[in-house]
Amino acid sequence: MGKCIFITGTGTDIGKTYVTGLIVKKLRDNCRNAGYYKAALSGAEEGEHGELLPGDALYVNKIANINEKTENLVSYIYKEAVSPHLAAKINQLPIDFNKIETDFTRAKTKYDFLTMEGSGGIISPLRWDETQHVILDDLVKKLKLHVLVIADAGLGTINTAVLTIEHLRARKIPIQGIILNHFHPGDLMEEDNRKMIEEITGIKVVATVKKGDTELAMDADSLAALYA
Ligand SMILES: Nc1ncnc2c1ncn2[C@@H]1O[C@H](COP(=O)(O)OP(=O)(O)OP(=O)(O)O)[C@@H](O)[C@H]1O
Ligand SMILES: [Mg+2]
């Protein structure tokens, strides 16, 4: 059974997929058998034949040269660009967490280093109906995952990064580190953001990513060591 890391972010569109692409690429370029998995994706575009395309998964699959079959990358794909719990309600296709566990375990068995991307931020409802109330953090706990937090480098990030980490701590979810995206080295505020987030939370910023980066500025061994 391989090791795993769960990628969460301080919100949607923060760069989880972009950074995940760099992470998986770095591992694979350094001879690690690394894969990708996402439980639920909403806001999928339609392909030529009306099929739903899981953009995040297809992006990482391509950029990191995983060459995995689409159906093994994501368990639930919804068209509507809304939270998975609402997309599931609209489509009357609720998430079955046994299926997710099966798909996740299959991926974890196939790959030595599995990177699982979350939907939105850590408080993203996955299922909210008469029978079940499940939020993303519940799934992270159920699968016993350790997380890496992706945050923006700019204004407002101290608040969102610290709140995300405080919540993970309250739920007793292990945190492996933080990556700041859209970072400008030498920028007074962004360098201070990095320092303040580290000092307030006691969690290390393990890497920073600049706009358009094609390589993760971190050595593969240190990156692999974050997987649990
Ligand atoms: N460092 C970067 N350089 C260039 N483009 C970036 C960078 N980070 C993010 N982007 C772009 O910003 C957009 C949002 O990023 P991304 O899709 O990775 O966010 P996300 O957190 O995965 O969103 P979601 O919650 O929908 O999964 C994408 O178009 C992505 O290509
Ligand atoms: Mg994404």
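Counting convention: from 1, in listed order, for ligands and their atoms alike. Keep in mind that the numbers below use all heavy atoms, side chains included, and drop hydrogens, waters and symmetry copies.
With contacts defined as side-chain heavy-atom distances shorter than 4.5 Å, the pair Met218/Ile23 does not qualify. Residues Thr115 and Val60 form no side-chain contact, since every pair of their non-hydrogen atoms from C-beta on lies 4.5 Å or further apart.
Considering backbone and side-chain N/O atoms, Ile14 comes within less than 3.5 Å of an N/O atom of ligand 1.
Given atom 11 (C) of ligand 1, the protein heavy atom at minimum distance is Tyr18 CD1, 4.7 Å. Ranking the protein heavy atoms by distance from atom 3 (N) of ligand 1 puts Gly212 N, 2.8 Å first. When only non-hydrogen protein atoms are considered, atom 23 (O) of ligand 1 lies nearest to Asp13 N, 3.0 Å. If you check which protein heavy atom lies closest to atom 17 (O) of ligand 1, you get Thr17 CB, 3.9 Å. Protein heavy atom in closest approach to atom 8 (N) of ligand 1: Asn181 ND2, 2.9 Å. Nearest protein neighbour of atom 27 (O) of ligand 1, counting heavy atoms only, is Asp56 OD2, 3.0 Å. For atom 20 (P) of ligand 1, the closest non-hydrogen atom on the protein side is Lys16 N, 3.5 Å. The protein non-hydrogen atom at the shortest distance from atom 7 (C) of ligand 1 is His182 NE2, 3.4 Å.
When every heavy atom of Ala40 is checked against every heavy atom of Ile95, the shortest pair comes out as CB-CD1, 3.7 Å. Nearest heavy-atom pair, Asn67 versus Asn61, reported as atom, atom and distance to 0.1 Å: N-OD1, 3.2 Å. The minimum heavy-atom distance linking Leu53 with Ala44 is given by the pair O-CB, 3.4 Å.
Between Tyr227 and Phe113, the two ring planes are perpendicular [angle over 60°; tilted spans 30° to 60°].
Residue Met196 qualifies as open at atom CE: its count of foreign heavy atoms under 6.0 Å is 12 or below.
Here is the list of ligand 1 atoms found below 4.0 Å of a heavy atom in Gly120: 25 (O). Below 4.0 Å from some heavy atom of Glu117 lie the following atoms of ligand 1, by number and element: 22 (O), 27 (O). Close approach of ligand 1 to Thr12 is summarised as follows: ligand atoms under 4.0 Å from at least one heavy atom of the residue are 24 (P), 25 (O), 26 (O). Listed by atom number, the atoms of ligand 1 under 4.0 Å from Lys38 heavy atoms are 27 (O). Short contacts between ligand 1 and Lys210, defined as distances under 4.0 Å to a heavy atom of the residue, involve ligand atoms 1 (N).
Using a cut-off of 4.0 Å between Lys/Arg side-chain N and Asp/Glu carboxylate O, Glu198 and Lys195 are scored as not salt-bridged. A salt bridge does not link Lys26 to Asp29: none of the charged nitrogens lies less than 4.0 Å from a carboxylate oxygen. The pair Arg32-Asp221 meets the salt-bridge criterion, with a side-chain N (NZ, NE, NH1 or NH2) lying under 4.0 Å from an Asp/Glu carboxylate O.
If you run side-chain hydrogen bond (donor to acceptor under 3.5 Å, both in side chains) between Ser75 and each of Asp103, Thr102, Asp96, only Asp103 comes through.
The side chain of Val209, and not its backbone, has at least one atom closer than 4.0 Å to an atom of ligand 1 (non-hydrogen atoms only; side chain from C-beta on). Counting heavy atoms closer than 4.0 Å to ligand 1, residue Asp213 contributes nothing at all.
Residue Ile175 is grouped with residue Ile200 when hydrophobic side chains (ILVMFWY) are merged at heavy-atom distances under 4.5 angstrom, including chains of intermediate members.
Note that atom 29 (O) of ligand 1 has no protein non-hydrogen atoms nearby, at separations under 4.0 angstrom. Distance check on atom 13 (C) of ligand 1: every protein heavy atom falls at or beyond the 4.0 Å cut-off.
Considering just the N/O/S atoms of Glu117, the one nearest the Mg ion (ligand 2) carries the name OE2. Within Asp56, the N, O or S atom at minimum distance from the Mg ion (ligand 2) carries the name OD2.
In this model, no donor atom of one side chain and acceptor atom of the other lie less than 3.5 Å apart for Asn193 and Thr157.
For residue Thr20, no N/O/S atom approaches the Mg ion (ligand 2) to within less than 2.8 Å.
Taking only non-hydrogen atoms, the option from Gly15, Gly11, Ser42 nearest to atom 16 (P) of ligand 1 is Gly15.
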